[in-house]
Amino acid sequence: MADHTYEAGQEVEVFSNSSQMWLPGEVKQIALQDFVVDGWPDYPISAGSVFVAYEVPAQGTTCKWILKKDVAESIRRERPAHSRGGGGGGGGSSTGARGACGDADPESSGARFDNARRSAEADAAAR
C-alpha cells in the first residue's frame with residue numbers, strides 16, 4: 001500500500017485533470033483542522049487536505065487545495081527525472097513552484113484561494 005502522507009516543502013507530482021498529466025509541484029501546507037476559506041462557504045477544506053503549488057505548461061505556477069479524499073489519486077511522490085517517460089509527468093524540477101502561492105494560512109484570504117477554488121472546481125468538473 002502506498003504512503004499518502006506528505007509534509008510542507010516536499011516535492012511531489014500533482015495530477016491535473018485539465019492537463020491530463022502529472023505535473024511537478026510542491027506541498028505548501030497540510031490542513032490540520034477543518035475550515036472554510038473566507039468568502040467561499042461552499043468550499044470547505046477538511047483536515048488532512050493538501051495545498052500544492054505546481055507547474056502547468058504554458059501557464060506557469062498554479063495552486064490548489066486537494067481534499068483529503070482525493071489525495072491518494074491526485075498527489076504522488078516525485079519520480080526521478082530519468083524515470084519520467086511515456087504516460088507521465090511534466091518532466092523537470094518543481095523549483096518553479098517553490099515560493100509560489102504564498103503561505104496557505106487558513107486564516108488568510110485572497111487571490112490564491114480564489115485560484116485554488118477555481119482549479120479544484122475545474123478538476124472536479126473534468127472527473
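When every heavy atom of Lys64 is checked against every heavy atom of Val14, the shortest pair comes out as CE-CG1, 3.8 Å. Ser46 approaches Leu67 most closely through the heavy-atom pair N-CD2, 4.5 Å. Summarising the geometry of Lys68 relative to Ala47, their closest heavy-atom pair is CD-O, 3.2 Å, with the distance given to 0.1 Å.
When atom types are taken as modelled, the side chain of Tyr6 and the backbone of Gln29 share no donor-acceptor pair closer than 3.5 angstrom.
Ring orientation note: the planes of Phe15 and Trp22 are nearly perpendicular, at an angle over 60° on the 30°/60° scale.
Between the CD atom in Glu73 and the CD1 atom in Ile66 there is a gap of 9.5 Å [rounded to 0.5 Å]. The OG atom of Ser49 lies 8.0 Å from the CG atom of Asp34; values are rounded to the nearest 0.5 Å. Atom CH2 of residue Trp65 and atom CG of residue Asp70 lie 13.5 Å apart, to the nearest 0.5 angstrom.
Between Phe51 and Cys63, the closest side-chain pair of non-hydrogen atoms falls below 4.5 Å. With contacts defined as side-chain heavy-atom distances shorter than 4.5 Å, the pair Arg77/Glu13 does not qualify. Side-chain contact between Ile45 and Val36 is absent, with no heavy-atom pair separated by less than 4.5 Å.
With sequence neighbours excluded, the residues that form a side chain to side chain contact (heavy atoms under 4.5 Å, CB included) with Ser19 are Ser16, Met21, Leu23, Val56.
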